[in-house]
Number of protein chains: 2
Amino acid sequence: MSGTQGDETGRRRTRLSPEAREHEIVRAAIGFFAENGFGGQTRELARAMGVSQALIFRYFPTKEDLIERVYEEVFSKEWRPNLSLVADRSQPLETRLIAFYRDYAGLILGHDYTRLLMFSALGGVNYHERLFARIAAEIYPVVIDELRAHYGRPSLAERPASQNEVEAVWGLHAAIFFVGIREHVFGLGVPPADGMVELKVRTFLQGVAAALAE
Amino acid sequence: MSGTQGDETGRRRTRLSPEAREHEIVRAAIGFFAENGFGGQTRELARAMGVSQALIFRYFPTKEDLIERVYEEVFSKEWRPNLSLVADRSQPLETRLIAFYRDYAGLILGHDYTRLLMFSALGGVNYHERLFARIAAEIYPVVIDELRAHYGRPSLAERPASQNEVEAVWGLHAAIFFVGIREHVFGLGVPPADGMVELKVRTFLQGVAAALAE
DNA sequence: TTTCTTATTGATCAATTGATCAATAGTGAA
DNA sequence: TTCACTATTGATCAATTGATCAATAAGAAA
C-alpha cells in the first residue's frame with residue numbers, strides 16, 4: 001500500500017552485473033514473499049526493488065522459478081545441527097540442551113524463515129518434509145539417547161524410542177518454534193530468545209520424566 | 001486440478017430457499033478457503049458446489065464479504081471455555097486440566113479452524129487478536145491461579161503472574177495447538193488427541209515447577 | 001570523447017478473475 | 001395444469017497479472 005520502499009529518487013538506471021542483480025532479486029524476493037505470500041505480484045516486488053517488472057523475468061523465466069529459488073535459498077541453506085553440543089557429556093545435560101537449542105532457535109525463529117515455511121506448507125509445497133525428516137533422523141535420536149542416559153535408562157540401541165518419547169521431544173521443538181509463530185505470524189510480543197530457550201529446556205527436562213515413565 | 005467435486009451428473013438446476021443457499025455457500029466457502037487460502041478463485045468454489053459463479057455474488061456482494069462471513073462463522077462461533085472444569089477443586093488438578101484441554105483441543109485442532117487461522121494471520125487479518133485476548137483474559141488467570149493453589153503459592157490477587165508463568169501456560173497451549181499445525185498444515189501423522197492432551201498436561205504439570213521456582 | 005556491448009525498460013499481449021445483468025427455468029400457488 | 005415469482009445462469013466487462021520483445025541507455029573499452 002505505502003510506496004516508500006524503492007527509492008523513487010534515484011530514477012536513473014543502475015546497471016549491475018548479472019550475478020549481483022540476480023542475487024539482489026533473490027534477496028528482495030525472500031523478504032517480499034515472506035511478507036506477502038507467494039501470491040504477491042511481480043510488479044510490486046519490482047517496485048519495491050526500484051526496478052522494472054520485466055527485469056525479473058530476464059533472470060527467472062517464470063515466477064515459479066523465482067519461488068523455487070527462494071525455497072532453496074532459505075530452506076536448503078547449509079545448516080549443520082551442532083549436535084556435538086548435545087553429546088558432550090562433560091557438561092550437564094541441561095547446559096548442553098540449552099546451548100544446542102539456542103543455536104537451533106537462531107535458525108527457526110527468523111521472520112522470513114518462519115513465514116515462508118508456513119506459506120509454503122499451507123500452499124501444499126512439501127519443502128518442510130525434508131526439514132522434518134532431518135530433524136527426526138538427526139536430532140531426535142541424539143536428544144532421546146542423552147535423555148535415556150541422563151535418567152539411567154537403556155540406550156536407543158537396546159530399546160527403540162517410544163511414541164511418547166518422540167512426542168515429548170516434538171513438544172520441545174513445538175514450544176520453541178511456536179514462539180516464532182507467535183511473533184512473526186500472529187504479531188504478538190515474545191520474550192527474548194535466549195532466556196526463553198533456557199526456560200523451555202528446563203521445563204522440558206523437568207516434565208519429560210512423565211513421558212519416560214512408561 | 002481434479003474436477004470430480006461438484007456432481008456433474010445432476011445438471012438440472014436446483015432451487016434452494018435464499019437462507020438454505022446462503023448457508024450452503026458459507027459452508028462450502030469455509031472448506032474451500034481452508035484448503036486453498038483466501039486467494040482461491042470464486043469460479044473454483046462455485047464449481048466445487050456445482051453452481052454458477054454468478055450465484056455467489058447474488059448472496060455476497062464481494063468476495064471480501066464472503067471471506068468476512070467465513071471468519072465470523074469459524075472464529076466468532078460461540079465458544080464458552082468450560083473453565084468450571086478447571087476451578088472445581090474436588091478433583092485433582094491434573095484431572096481438571098486434562099478435561100478442560102480436551103474440550104479446548106476439540107475446537108483448536110480442527111482442520112478448517114487451524115488452517116483458516118493461519119491463513120488469516122499470515123494475510124495480516126487480525127481476527128486472531130481477539131482470540132488470544134480472550135485466552136489471555138479468561139483462561140490464563142484461572143489456570144495460573146489453580147497452579148498457584150496446587151503448589152501452595154500466593155494467589156494472583158496477592159501477587160500478579162510472572163512472565164515465566166504466563167510463558168509456561170503459553171507453552172501448554174503451544175504444545176497442543178502445534179499438534180494441529182503438524183497435522184493440518186504440515187500434513188504429518190499425529191497421535192490421537194485424547195492421549196496427546198493427557199501427555200501434554202502431565203508433562204506441563206511436572207515441568208511447570210521450573211517456571212514457578214522464581 | 002566515441003563506440004559497442006548488453007543490462008534495463010516501456011509497451012503490449014493473453015490469460016485470469018472479480019463482478020454485472022439480462023435471460024432462463026424451477027417451484028409453489030391458484 | 002397454468003401462472004407468477006424469483007433463484008439461477010450464460011455471456012460479458014474491466015481490472016489484474018504473468019510473460020514477451022523491440023527499443024533504450026549505462027558503463028567499460030578504445
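Computed from a prediction, not measured in an experiment: that's the story for all the values here. Naming convention: chains lettered A, B, ... in sequence-line order (proteins, then strands); numbering from 1 in each chain.
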Expected rows: protein N/O vs nucleotides 16-18 of chain D N/O, under 3.5 Å:
unit_1: D:dT17; atom_1: OP1; unit_2: A:Q41; atom_2: NE2; d: 2.0
unit_1: D:dT17; atom_1: OP2; unit_2: A:Q41; atom_2: OE1; d: 2.4
unit_1: D:dT17; atom_1: OP2; unit_2: A:Q41; atom_2: NE2; d: 2.2
unit_1: D:dT17; atom_1: O5'; unit_2: A:Q41; atom_2: NE2; d: 3.3
unit_1: D:dG18; atom_1: OP1; unit_2: A:K63; atom_2: NZ; d: 3.0
unit_1: D:dG18; atom_1: OP2; unit_2: A:T42; atom_2: N; d: 3.0
unit_1: D:dG18; atom_1: OP2; unit_2: A:T42; atom_2: OG1; d: 2.9
unit_1: D:dG18; atom_1: N7; unit_2: A:R43; atom_2: NH1; d: 2.9
unit_1: D:dG18; atom_1: O6; unit_2: A:R43; atom_2: NH2; d: 3.0

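The two residues B:A121 and B:H128 make their nearest non-hydrogen contact at CB-ND1, 3.7 Å.
As judged by a 4.0 angstrom heavy-atom cut-off over every strand, A:R58 is placed among the base-contacting residues.
Protein atom CG of B:L55 is 16 Å distant from nucleotide atom C1' of D:dA11, rounded to whole Å. Protein atom CZ of A:R47 is 14 Å distant from nucleotide atom P of C:dT9, rounded to whole Å. Rounded to a whole Å, the CD atom of A:E24 is 10 Å from the P atom of C:dT8. When rounded to the nearest whole Å, the span between CD1 of B:I56 and P of D:dA7 equals 16 Å. In this structure, CD1 of A:I25 is placed 12 Å from P of C:dA7, rounded to the nearest angstrom. Remark: P of C:dT6 and CZ of A:R21 are 17 Å apart, rounded to the nearest angstrom.
A:Y140 has its ring centre less than 6.0 Å from the ring centre of A:H173. Between B:Y71 and B:F38, a ring centre-to-centre spacing shorter than 6.0 Å is recorded.
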- Report the C-alpha separation of B:V51 and B:R21 in whole Å, then their side-chain angles, then the decisive distance to 0.1 Å, and conclude whether the side chain to side chain contact (heavy atoms under 4.5 Å, CB included) test is met. CA-CA 10 Å; B:V51 130; B:R21 181 62 76 190; 3.6 Å; yes
task: Run the numbers on B:S17 and B:E19 for side-chain hydrogen bond (donor to acceptor under 3.5 Å, both in side chains), then give the verdict.
output: CA-CA 5 Å; B:S17 73; B:E19 306 79 47; 3.3 Å; yes
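Across the interface with DNA chain C, nearest-nucleotide mapping of A:S52 and B:P61 shows A:S52 to be the residue nearer the 5′ end.
The pair B:E72-B:K77 does not meet the salt-bridge criterion, since no charged nitrogen lies less than 4.0 angstrom from a carboxylate oxygen. Salt-bridge formation is not detected for the pair B:R96/B:D88: no Lys NZ or Arg NE/NH1/NH2 atom is positioned less than 4.0 Å from an Asp or Glu carboxylate oxygen. Taking 4.0 Å as the cut-off between side-chain N and carboxylate O, B:R69 and B:E22 count as a salt-bridged pair. Of the charged side-chain nitrogens involved, at least one lies within less than 4.0 Å of a carboxylate oxygen, so that B:R27 and B:E24 count as a salt-bridged pair.
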Each nucleotide of nucleotides 25-30 of chain C classed B (base within 4.0 Å of a protein heavy atom), S (only sugar-phosphate) or -, in 5' to 3' order, makes BBS---
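Within the 4.0 Å cut-off from OP1 or OP2 of D:dA7, not a single side-chain nitrogen or oxygen of B:Y59 is found.
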